[in-house]
Amino acid sequence: MDPVHPDFVPDASLDREEMEALQREIAAQAIFEDDFDFDPGRVRADRETGQQALDATSDGTTDGDAPVVVGVDQAFLDDDRAVSALVALQDGVVIERTHAVAQTEIPYIPGLLSFREGGAILAGFRELTVEPDLAFFDGSGRIHFREAGLATHVGVTLDLPSIGVAKNLLCGRPVASTDGLAEGERVDIEADGDVTAPDGTVVGYAVQSRQYDSPNRYVNPLIVSPGHRVGAATAADLVLSCSAGYKLPEPTRLADKYADDLKSELGD
DNA sequence: GCGACAG
DNA sequence: ATCTTGTCGC
C-alpha cells in the first residue's frame, strides 16, 4: 500500500523546526478515537492459546474475513542502513511478510524517531500486497511531545488504524505506580506539561501483557498509545487480545524476530 | 541552568 | 537500537 498523504511522508532533510511543524500538522489530522470498520472482537493473537481458541471458531480453518493485523519493527544493518520488517496476520495466522532496506539519514533523536525510521517503514508497506486493517508499531503514538510519535506519523500518512507499542515511556505521567501489575491490568498515562494535549488527557496506558505468577520475577509493562483512528482504551484492549503468553503482542513479536533474521542475512 | 528523552 | 555469556528462577 502507498501513502494517502504524500505530503506527510517523513523527510529527513528538513531541519528540526520544520520536522516539529510537520508533526503538529499530523497531530491535527490524527484521530485518537475508534474510527475503523473491522470488528475488534475478531482480532486474535494465535490459534493455540487464549479463551478464543476454545470457542466455535477454532475449527482449524482460517477466517478469511477476519481483520488483518500487521506488526512492524526495524533493525539496523550498519550505521546508515535500516531494515523494516512487516508481518501480517489474519485470524492468528501469518499471511504475508515483507521487508525493505533504506538509508538512515539522521541519528536517533527523542521525539523525531519517525524521521529516522519512517522511510524504511513506508518502503516496507509499499511491498505489502494484502490490505491491512490495523498496524502495531514499535514506539509511541499519541504519547509524544507533539502527539505525533512514530505510530501516529505512519498511521496518518497511510490513513491506517495504528497503535504504538513501546517498552519505555517517552513522556507523560502515569496516574499510579506501574510496578507489579497483574497480567491484564493497565494504568492511565496522562498528558503533563511535556505534552501538547490538555493536562490530564489520557494519552495512553501502561499495559501488563504478561506477568509471572510468583513475586520474585517481574515483567515491565508495555506503554501503549493510539496511533491513528483508535482510542486509547481500545488500543490497550487490542494489544491484550493479540498477546499470547509473551510480553509483546504476536504481530510485534513476529516482526521483531523477522527483523533479527533479516539483520543476520543482510547484515555487513 | 538543570533534567528528561520511544528506537 | 546495539555490543553479548552466563546465569538466576520457574
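Chain A is the first sequence line, chain B the second, and so forth, proteins listed ahead of strands; every chain is numbered from 1.
For A/Asp78, the CG atom is densely surrounded, since the number of other residues' heavy atoms within 6.0 Å is greater than 12. Around atom CZ of A/Arg24, more than 12 heavy atoms belonging to other residues, nucleotides or ligands sit under 6.0 Å away.
Residue A/Tyr108 is in base contact, counting any heavy-atom pair closer than 4.0 Å across all strands shown. Looking at heavy-atom distances under 4.0 Å, A/Leu112 makes contact with a base. Using a 4.0 Å heavy-atom cutoff across all strands shown, A/Ala75 reaches sugar-phosphate atoms only and no base atom. Here A/Phe145 lies in heavy-atom contact (under 4.0 Å) with a base.
Of the possible polar contacts, one joining the A/His228 side chain to the A/Ile31 backbone as a donor-acceptor pair under 3.5 Å is found. Side-chain atoms of A/Glu183 come within 3.5 Å of backbone atoms of A/Gln211 as a donor-acceptor pair (strictly under, hydrogens ignored). Not a single donor-acceptor pair under 3.5 Å links the side chain of A/Glu105 to the backbone N or O of A/Phe115. A donor-acceptor pair under 3.5 Å is absent between the side-chain atoms of A/Asp188 and the main chain of A/Glu190, judged by distance alone.
Close approach of DNA chain B to chain A, defined as any atom under 4.0 Å from a non-hydrogen atom of the protein, starts and stops at B/dC5 to B/dG7.
Put simply, OH on A/Tyr218 is 14 Å from P on C/dG9, counting in whole angstrom units. The nearest whole Å value for the distance from the CD atom in A/Gln211 to the C1' atom in C/dG9 is 14 Å.
The two residues A/Gly184 and A/Leu240 come nearest to each other via the heavy atoms O-CD1, 3.7 Å.
A side-chain hydrogen bond (donor to acceptor under 3.5 Å, both in side chains) with A/Asp63 is found for one member of A/Arg44, A/Arg42, A/Gln90 and no other, namely A/Arg42. In summary, of the residues considered (A/Leu254, A/Asp260, A/Asp261), a side-chain contact (heavy atoms from CB on, under 4.5 Å) with A/Lys257 occurs for A/Asp261 alone.
Residues A/Thr129 and A/Glu96 bring a donor and an acceptor atom of their side chains to less than 3.5 Å of each other.
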(request) Quick one: the dot-bracket string of DNA chain B, using Watson-Crick and G-U wobble pairs with both distances under 3.5 Å, [ ] for crossing pairs and | for bases paired to another strand. (result) .......
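Against DNA chain B, the stretch residues 246-260 of chain A makes no heavy-atom approach under 4.0 Å.
Phosphate contact (OP1/OP2 of C/dA1, side-chain N/O of A/Lys167, threshold under 4.0 Å): present.
Salt-bridge formation is not detected for the pair A/Arg173/A/Asp194: no Lys NZ or Arg NE/NH1/NH2 atom is positioned less than 4.0 Å from an Asp or Glu carboxylate oxygen.
Mapping A/Lys263 and A/Asp213 onto DNA chain C by nearest heavy atom places A/Lys263 closer to the 5' end of the strand.
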